[in-house]
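All values below were derived from every heavy atom in this structure, side-chain atoms included, with hydrogens, water molecules and symmetry-related copies excluded. Note on naming: letters A, B, ... go to the chains in the order of the sequence lines (proteins, then strands), and numbering restarts at 1 for each one.
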Number of protein chains: 2
Amino acid sequence: MKDIEQLNHSIIEFYDKLSSWEHAVVREKNFSLAQIHTIEVLGSHGAMRMKELADRLGITTGTLTVQIDKLVNAGFIARRPHESDRRSILVDLTDSGRHLYREHDDLHLALTQDITANLNKDERRILQLCLSKMNNEF
Amino acid sequence: MKDIEQLNHSIIEFYDKLSSWEHAVVREKNFSLAQIHTIEVLGSHGAMRMKELADRLGITTGTLTVQIDKLVNAGFIARRPHESDRRSILVDLTDSGRHLYREHDDLHLALTQDITANLNKDERRILQLCLSKMNNEF
DNA sequence: AGCATATAGTTTGATAGTCAAAGTAATTGT
DNA sequence: ACAATTACTTTGACTATCAAACTATATGCT
């Protein structure tokens with residue numbers, strides 16, 4: 001098999017395994033993937049408009065409105081008016097939402113520590129470099 | 001920021017970007033993520049029982065039954081009896097399903113080529129090594 | 001052998017996620 | 001000033017999903 005094909009399938013396998021892990025973690029806590037993903041985006045980026053959030057999540061604003069309603073009811077997210085554009089609404093994490101974000105991010109960190117435990121310093125450095133380069137190419 | 005945290009967030013970003021890419025590719029062809037994922041698993045692994053496939057996909061067999069019904073109707077998958085266990089059913093790709101699998105896999109390959117274009121030979125080698133090691137640790 | 005238990009798959013009923021399209025309100029551009 | 005655009009919400013239809021009940025087969029125990 002060509003190197004590039006092997007790399008391709010390793011990437012797909014890595015993606016699948018991450019996906020299964022996330023799925024299991026999320027279901028165990030009785031959240032949905034969509035909900036946690038929303039929390040993750042807001043937690044890492046900060047408050048943003050509905051439209052921007054919908055674009056980042058890859059869903060329509062119609063779908064997002066419903067999702068945000070639920071997360072607002074659950075106390076994780078708050079809506080507030082946009083300062084300069086009265087059509088827009090900013091959504092942001094509440095304290096409770098931020099707590100949930102940190103909790104979830106810690107799980108990710110623990111996973112990252114586990115799966116990179118067998119990499120030496122150089123390998124870890126190059127891996128970081130490769131990921132940065134690849135993330136820039138999307 | 002600690003190295004491990006940076007690595008963690010780069011992995012999450014990579015995962016998110018792959019996820020968006022897959023989502024866009026799949027919707028463009030009017031399939032669902034679930035359907036293509038099923039095709040991918042069968043394509044890379046070969047025929048398997050419903051239970052095993054459901055486990056790999058992270059869904060219940062009830063959900064899978066419905067999915068497979070649709071894919072059988074669409075001509076991508078065929079059911080056949082298990083040789084030694086009459087409770088079991090083997091699902092496998094048809095020729096049309098294999099064609100779809102290769103087509104999708106080629107898209108993945110093209111993406112992999114794109115995002116690794118800026119990596120030199122050594123970086124690519126170490127990336128492959130890291131992915132293999134990480135995939136083994138899940 | 002015979003029966004209880006476990007396993008594989010399907011069906012059903014309920015719920016959540018999704019989109020497209022229509023509707024409301026505010027902004028922008030000419 | 002007003003037409004076109006943009007941001008968000010609502011609505012209706014559809015799909016994915018699970019849990020639980022159900023059928024058929026296999027396995028294990030006495």
Checklist entry - In whole angstrom, what separates A:R79's CZ from D:dC8's P? => result 10 Å
Item to check | Axis bend over the full length of the helix from C:dA1-D:dT30 to C:dT30-D:dA1, computed from five pairs that close each end, to 10 degrees | outcome: 30°
Checklist outcome for this item: Rounded to whole Å, CG of B:L71 lies from P of D:dT15 at a distance of 13 Å
Checklist entry - Within the side chain of A:R124, is there an N or O that forms a donor-acceptor pair under 3.5 Å with the backbone of A:L119? => result yes
Checklist entry - Would you call A:K133 and A:E137 a salt bridge, taking side-chain N to carboxylate O under 4.0 Å as the test? => result no
Checklist entry - For residues 82-93 of chain B, which residues have at least one heavy atom under 4.0 Å from DNA chain C? => result B:R87, B:S88, B:I89
Checklist entry - Between A:D69 (CG) and D:dT11 (C1'), how many Å, whole number? => result 14 Å
Item to check | Note: B:D105-B:R102 ion pair, threshold 4.0 Å (strictly below) | outcome: no
Checklist entry - Does OP1 or OP2 of C:dG17 have a side-chain N or O of A:T63 closer than 4.0 Å? => result no
Checklist entry - Nearest heavy-atom pair of B:E40 and B:Y101: which atoms, and what distance? => result O-CE1, 3.7 Å
Checklist entry - Under a 4.0 Å N-O cut-off, is there an ion pair linking A:R79 with A:D69? => result yes
Checklist entry - Counting only side-chain N and O atoms of A:Q67, is one of them less than 4.0 Å from OP1 or OP2 of C:dT18? => result yes
Next on the checklist: With no hydrogens and no angle check, just 3.5 Å: does a side-chain donor-acceptor pair link B:Q128 and B:S132?
Outcome noted: yes
Checklist entry - In residues 16-53 of chain A, which residues come under 4.0 Å of DNA chain C by heavy atom? => result A:S32, A:A34
Checklist entry - Going by atom types only, do B:E22 and B:H37 share a side-chain donor-acceptor pair under 3.5 Å? => result no
Item to check | Exceeds 12 heavy-atom contacts within 6.0 angstrom, atom NE2 of B:H99 | outcome: no
Next on the checklist: Just N and O in the side chain of B:T61: are any of them under 4.0 Å from OP1 or OP2 of C:dA8?
Outcome noted: no
Checklist entry - Which is it for B:E52 and B:R56 under the salt bridge (charged side-chain N to carboxylate O under 4.0 Å, His left out) test, yes or no, and what are the steps along the way? => result CA-CA 6 Å; B:E52 185 181 357; B:R56 288 196 186 227; 3.4 Å; yes
Checklist entry - Whole Å only: how far is the CD1 atom of B:I59 from the P atom of D:dA19? => result 12 Å
Item to check | Whether B:H104 and B:W21 hold their rings parallel, tilted or perpendicular, with breakpoints at 30° and 60° | outcome: tilted
Checklist entry - Just how far, in rounded Å, is C1' of D:dT17 from NZ of B:K70? => result 10 Å
Checklist entry - Mind checking whether B:L131 and B:L127 have side chains closer than 4.5 Å, heavy atoms only? => result yes
